[in-house]
Amino acid sequence: MRSSAPKSGRTESREAEQAILDEQMTVAGEMAAGEPNPADRPTFRGTIVALGGGGFSMSETGESATDDALLRMAQAAGVGDRRADDPRPHVCFVPTASGDSSDYIERFEAAFAGRAHTHVLSLFGQSPWDYRAPDMLADMDLVYVGGGSTANLLSLWRRHGVDEAMARAADGGTILAGISAGANCWFAASSTDSFGPLAPLDDGLGFLPGSACPHFHGEPGREESFLRWIEQGRLPSPGIAIDDHAAVVFEDGRATSVLVDSPEARAYSVDEHGGIRILDEHGQAAAVAEHERTEENFGTDE
């Protein structure tokens with residue numbers, strides 16, 4: 001019969017030392033086999049698409065090549081319930097940053113009508129959409145976050161647990177996308193006009209490292225202030241600066257491609273000294289498969 005007496009302190013110490021040694025050997029084995037050190041792996045897993053501006057939000061007709069690309073990605077995600085006779089993806093609009101503007105919601109529904117099953121997460125309980133628990137996001141193929149106030153979005157999301165629901169949904173295969181404030185929120189920090197004048201905000205979700213600046217060449221003062229704040233250390237590097245009508249696709253924290261609606265649109269990376277370079281110089285979002293993949297690792301959460 002096995003004794004149930006407590007182990008001696010010396011025995012416990014030897015077992016603890018062995019456990020540490022086993023862990024060190026496992027890590028060493030992974031590194032020798034070419035596997036990354038666990039400390040270097042991102043804690044966030046999933047796909048994020050950060051739009052600097054554009055999409056249906058900035059289209060007079062509601063048409064957008066970037067939104068078309070997002071729908072194709074959503075179709076491939078295969079998270080939401082599908083019927084054989086209705087394979088349309090499930091897309092949820094999150095208009096928190098605009099105070100759940102009914103006009104904004106209606107524009108989303110019009111832009112995606114017939115192409116997707118549309119849903120709305122309204123934290124303000126706007127009729128006819130009403131309030132729904134954020135857990136609904138796990139059933140979506142694509143979550144599309146609208147623009148507005150980054151600061152207000154972050155505050156309300158944390159209060160309602162949307163931040164945690166977003167992370168769980170992404171881990172399950174849901175694609176997270178957003179424009180302007182809806183792009184800022186995924187990063188650790190960002191440039192925002194939530195308080196009136198442009199200002200650095202270091203209160204992001206941290207799903208992506210570094211800081212973001214939407215509307216990079218679309219609004220006065222965006223470029224100059226973003227580069228200055230990174231160089232001064234008021235915003236963390238790497239910086240991701242995104243023009244209107246451009247979007248950066250991230251997979252597990254790594255930028256993999258850039259989508260654009262117009263030939264002039266660009267996305268940039270900014271180093272700690274304020275140095276800037278173009279991430280991708282290729283054409284339209286309709287030709288996503290032809291884009292050169294940047295494959296630059298922009299860092300991982302520790």
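Position 1 is the first residue of the sequence; numbering continues from there. All values derive from a computational prediction rather than experimental measurement.
Considering only heavy atoms from C-beta on, Ile276 stays 4.5 Å or farther from Phe226 through its side chain. Between Ile175 and Val143, every side-chain heavy-atom pair lies at or beyond the 4.5 Å cut-off. Looking at Ser211 and Ile230, their side chains come closer than 4.5 Å, going by heavy atoms from C-beta outward. Using a 4.5 Å heavy-atom cutoff, the side chains of Val162 and Thr96 are not in contact. Two residues are said to be in side-chain contact when any heavy atoms from C-beta on lie closer than 4.5 Å; Arg168 and Asp135 meet this criterion. Residues Ile242 and Leu51 have side chains not in contact (no heavy-atom distance under 4.5 Å, counting atoms from C-beta outward). Proximity of Leu137 to Cys92: side-chain heavy atoms (C-beta onward) are separated by under 4.5 Å at one or more points. Between Gln126 and Asp130, every side-chain heavy-atom pair lies at or beyond the 4.5 Å cut-off.
Side-chain N or O atoms of Ser101 include none that pairs as donor or acceptor with a backbone N or O of Ser98 at under 3.5 Å. The backbone N or O of Gly46 lies less than 3.5 Å from a partner atom in the side chain of Asp252, making a donor-acceptor pair. For Ser180 (side chain) and Gly182 (main-chain N/O), no donor-acceptor pair under 3.5 Å exists by modelled atom type. No donor-acceptor pair under 3.5 Å is formed between the side chain of Ser149 and the backbone N or O of Ala97. Of the possible polar contacts, one joining the Thr174 side chain to the Met140 backbone as a donor-acceptor pair under 3.5 Å is found. Put simply, the side chain of Ser225 gets close to the backbone of Gly221: a donor and an acceptor are under 3.5 Å apart. Of the possible donor and acceptor atoms, one in the side chain of Ser64 sits under 3.5 Å from a partner among the backbone N and O of Thr66. Side chain of Arg222 to main chain of Ser191: a donor-acceptor pair is present (N/O by atom type, distance under 3.5 Å, no hydrogens or angles). Here the side chain of Arg266 pairs no donor or acceptor atom with the backbone of Ile278 at under 3.5 angstrom.
Rounding to the nearest 0.5 angstrom, the gap separating the CD1 atom in Ile48 from the CE atom in Met166 is 10.0 Å. Distance check, rounded to the nearest 0.5 Å: CG of Asp203 to OG of Ser194 gives 10.5 Å. The CD1 atom of Ile240 lies 8.5 Å from the CG atom of Leu208; values are rounded to the nearest 0.5 Å. Distance CZ/Arg107 to OG/Ser57: 6.0 Å, rounded to 0.5 Å. For the atom pair CG (Asp68) and CG (Leu259), the distance works out to 11.0 Å, reported to the nearest 0.5 Å. Atoms OG and CG, on Ser190 and Leu235 in that order, are 7.5 Å from each other to the nearest 0.5 Å.
Checked against Cys185 for a side-chain contact (heavy atoms from CB on, under 4.5 Å), the options Leu154, Leu176, Leu201 give a single hit: Leu154. Among Asp193, Asp243, Asp244, the single residue meeting the side chain to side chain donor-acceptor pair (under 3.5 Å) criterion with His215 is Asp244.
Aromatic ring centroids of Phe187 and Phe207 lie 6.0 Å or more apart. Taking the six-membered ring where the residue is Trp, the centroids of Phe108 and His119 are separated by 6.0 Å or more. Taking the six-membered ring for Trp, Tyr268 and His217 have ring centres closer than 6.0 Å. Taking the ring centroids of Tyr104 and Phe93, they lie under the 6.0 Å cut-off.
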- Between Asp67 and Tyr144, is a side chain to side chain contact (heavy atoms under 4.5 Å, CB included) present by the stated rule, with each step listed? CA-CA 10 Å; Asp67 288 352; Tyr144 200 135; 2.7 Å; yes

- Message: Before you tell me yes or no, could you show the steps for Thr256 and Glu251 under side-chain hydrogen bond (donor to acceptor under 3.5 Å, both in side chains), namely the whole-Å CA-CA distance, both residues' side-chain angles and the distance that decides it to 0.1 Å?
- Response: CA-CA 7 Å; Thr256 57; Glu251 300 285 352; 4.8 Å; no

- Task: Test Glu109 against Trp129 for side-chain hydrogen bond (donor to acceptor under 3.5 Å, both in side chains), laying out the working first.
- Result: CA-CA 12 Å; Glu109 292 180 329; Trp129 303 281; 2.9 Å; yes

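The minimum heavy-atom distance between Phe250 and Ala50, with the atom names listed, is CE1-CB, 4.4 Å. Across all non-hydrogen atoms, the minimal contact from Leu205 to Trp157 is CD1-CZ3, 3.8 Å. Summarising the geometry of Ala265 relative to Ala246, their closest heavy-atom pair is CB-CB, 3.9 Å, with the distance given to 0.1 Å. Closest approach of Asp100 to Leu121, counting heavy atoms only: OD1-O, 4.4 Å. Minimum interatomic distance between Arg234 and Pro200 (heavy atoms only, all atoms of both residues): NH2-CG, 3.7 Å. Across every non-hydrogen atom of Pro214 and Asn184, the tightest pair is CD-OD1, 3.1 Å.
In terms of hydrophobic clustering, with Ile, Leu, Val, Met, Phe, Trp and Tyr side chains grouped at heavy-atom distances under 4.5 Å, Val49 and Met58 are assigned to different clusters. In this structure, Val79 is not a member of the same hydrophobic cluster as Leu142, with clusters built from ILVMFWY side-chain heavy atoms closer than 4.5 Å.
A tilted orientation is assigned to the rings of His160 and Tyr131, their planes being inclined by 30° to 60°.
Side-chain atoms of His117 and Asp141 include no donor-acceptor pair closer than 3.5 Å.
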